[in-house]
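First the structure, in the form of structure tokens, and then the observations on it.
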Amino acid sequence: MPGQFQSVQGFNDVLYPDVTKFNRIENTVRELFSLYNFKEIRTPIIEKTGLFVRSIGGSTDIVEKEMYTFKDKGEESLTLRPEGTASAVRAYLEHDIDKKDAVQKWFYIGPMFRHERPQKGRFRQFYQAGIEVFGIDDPVIDAEVIGLAKDVIDALSIKGVVIRLNSIGCPACRPDYIRELKLFLYGVKDQLCDDCQRRIETNPLRVLDCKKHGCIGTTKNAPKITEHLCADCASHFDSVKHGLDLLKIQYTIDTRLVRGLDYYTKTVFEFTVDTNNAQNAVIAGGRYDYLVELLGGGHVPAVGFAMGMERIADLLKLPDERNPDVFIAVLVPRARSKAFELMGMLRQNGIMCDTTYGEKTIKSMMRRAGKLKARVVMIIGEDELEHGYVTLKRMADAHQDKVKESEVLNHILKNSI
Ligand code: HAM
């Protein structure tokens, strides 16, 4: 029976064993991020609304439809962060990092919030683990960042991931491309969905990203951005590809990949998994060379990515879980303190233990031990207490030994039972 309250739609509890997957992902990313010399940051989950409007872009889906925005008691407009990049840049500038040591490699892990229609792989609260690199222009770092994302995927043994790569140019070359794209889109306007018809004016690049079959077909012959890059963007893109080749990382050039946030320039990428649902991007990111400037800083090039932890968890296969080595069956109340004493001693020696609390009969205790998949049951009753021994019963074959209390640890450690 559900209780009086349920969680808010799209906001999920993470229970065992899923939480084990989250821990595994967190441990793996922490280890790899620090191997690449990234330092952790933690920023608040609430920011001033303007930060996201400015950074992500007023005509993006996130800002137009998906932000949890509210007025606090002081009538200030605040927003639950929909992503981590804007907050990282805000913190970078707020703490004058650009003036102290402009080159920074940061990572973060935490919940993000988007008011999307919940479905498989898409939630209203979801966790991201992300990295941001500030102050490095060199395309080598783009390849390194993609290499780090690939290392995470490999370390978690996730198979079937495809890396899609594109360059979406810079303020020097993109406006000309957009003009050409718009001309093309006006020519096929009637065949586009309502959203895309509107996007021709508000955000024409996003038309290329529409998942509707009709729009995909209609824009098949749209001009390609990679054929309109300026010399700087083209050479940057070539170097990123060369870097990935050196790292022996396979990728597919996807000229339709434009990303849903406005701050990107040059390199963009997504790691996708071919599943039956559309929510198949597990990691996504790119370069954003003008965001620091847009938020009031100097010119600081930057690049990063974020991974959706629920989507990664969904693909993760866990090794067998650990079960108790010993379950202690307390047959008489008088044996409780002996059980505590032995349990403490075993745990101090790294042996995983559990015991009975409510069960009254040996039968129900054995059933509980079976449910917990304990390897050995230690039985302590009147006779055991009287004569200073315990009965150890191996669950696999019901073999039993009587073992002196002082010998219990050795007996279990040596796997004599
Ligand atoms: P994003 O593509 O909006 O990029 O999100 C990154 C990843 O977060 C997605 O690929 C997906 O795995 C996960 N994700 C996004 N929305 C949801 C959702 N509603 N439910 C579950 N998972 C979701 C960014 O957020 C950028 N800040 C990435 C970045 C960092 N670019 C540069 N630095």
Side-chain angles (χ1 to χ4, degrees), residues 9-12 14 22 25 29 33 38 41 43 47 51-52 55-57 60-63 65-68 80-92 104-134 136 141-142 145-146 148-149 152-153 156 158 161-164 166 168 206 209 257-273 275 277-292 300-316:
Q9 200 195 7
F11 288 68
N12 298 321
V14 185
F22 272 73
I25 298 168
V29 298
F33 290 169
F38 280 75
I41 57 159
T43 60
E47 299 273 3
L51 172 68
F52 300 117
S55 310
I56 299 168
T60 57
D61 282 355
I62 297 181
V63 170
K65 310 183 208 158
E66 297 169 0
M67 294 206 306
Y68 277 93
L80 291 183
R81 62 179 183 194
E83 57 109 44
T85 309
S87 305
V89 174
R90 197 259 315 131
Y92 181 83
Q104 293 289 328
K105 293 158 92 178
W106 285 357
F107 80 87
Y108 50 85
I109 300 173
M112 307 291 160
F113 305 86
R114 294 184 194 176
H115 195 280
E116 298 195 74
R117 199 154 39 82
Q119 51 184 265
K120 189 171 162 31
R122 192 200 272 171
F123 312 102
R124 291 182 171 174
Q125 175 175 325
F126 58 97
Y127 284 77
Q128 280 188 346
I131 62 155
E132 312 294 349
V133 178
F134 294 104
I136 305 178
I141 193 76
D142 304 33
V145 156
I146 295 171
L148 171 51
V152 173
I153 292 297
L156 293 170
I158 292 171
V161 175
V162 173
I163 302 175
R164 294 156 63 221
N166 194 18
I168 55 167
R206 293 288 293 162
D209 197 36
L257 178 65
V258 292
R259 310 278 298 120
L261 306 96
D262 280 354
Y263 48 64
Y264 291 108
T265 48
K266 295 183 176 168
T267 317
V268 289
F269 58 89
E270 277 188 7
F271 286 45
T272 52
V273 178
T275 52
N277 73 76
Q279 312 311 319
N280 59 358
V282 289
I283 300 180
R287 187 166 265 285
Y288 49 98
D289 287 346
Y290 294 90
L291 184 54
V292 176
V300 180
V303 56
F305 68 70
M307 64 182 68
M309 294 185 38
E310 286 80 0
R311 294 188 192 174
I312 301 259
D314 197 41
L315 301 166
L316 191 66

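Order of appearance sets the numbers: ligands from 1, and atoms from 1 within every ligand. Side-chain atoms are counted along with the backbone in the values below, which use heavy atoms only and exclude waters and symmetry mates. Quick caveat, the model's predicted, so the values are computed rather than measured.
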* Structure fact -> among protein heavy atoms, the one nearest atom 13 (C) of ligand 1 is G308 CA, 3.6 Å
* Decide ring-ring contact (aromatic ring centres under 6.0 Å, His included) for F33 and F107; before the verdict, give the C-alpha distance in whole Å, the side-chain angles of both, and the deciding distance to 0.1 Å. => CA-CA 7 Å; F33 290 169; F107 80 87; 5.2 Å; yes
* Non-hydrogen atoms of L261 versus ligand 1: any pair closer than 4.0 Å? -> yes
* To do: Give the C-alpha distance, both sets of side-chain angles, the deciding distance and a yes or no for side chain to side chain contact (heavy atoms under 4.5 Å, CB included) between F38 and E132.
  => CA-CA 9 Å; F38 280 75; E132 312 294 349; over 6 Å; no
* Structure fact -> Out of G84, S55, G304, the nearest non-hydrogen contact to atom 32 (C) of ligand 1 is supplied by G304
* Verify salt bridge (charged side-chain N to carboxylate O under 4.0 Å, His left out) between R311 and D314, making sure each step is shown before the conclusion. => CA-CA 5 Å; R311 294 188 192 174; D314 197 41; over 6 Å; no
* Have a look at A281, G130, A88, G10 and point out the one with the heavy atom closest to atom 11 (C) of ligand 1. => A281
* Please confirm whether Y263 comes under 4.0 Å of ligand 1, counting heavy atoms of the residue only. => yes
* Sub-4.0 Å atoms of ligand 1 with respect to non-hydrogen atoms of G121 -> 20 (N), 21 (C), 22 (N)
* Asked: With the threshold set at 4.0 Å, does a side-chain nitrogen-carboxylate oxygen contact exist between E83 and R114?
  -> no
* Asked: What's the shortest distance from atom 27 (N) of ligand 1 to any protein heavy atom, and which residue and atom give it?
  -> E83 OE1, 2.5 Å
* Per-atom contacts of ligand 1 with T85, taking only distances under 4.0 Å to non-hydrogen atoms -> 26 (C), 27 (N), 29 (C), 30 (C), 31 (N), 32 (C), 33 (N)
* Nearest candidate to atom 25 (O) of ligand 1, where distance is taken over non-hydrogen atoms, out of E132, Q128, E66, R259 -> Q128
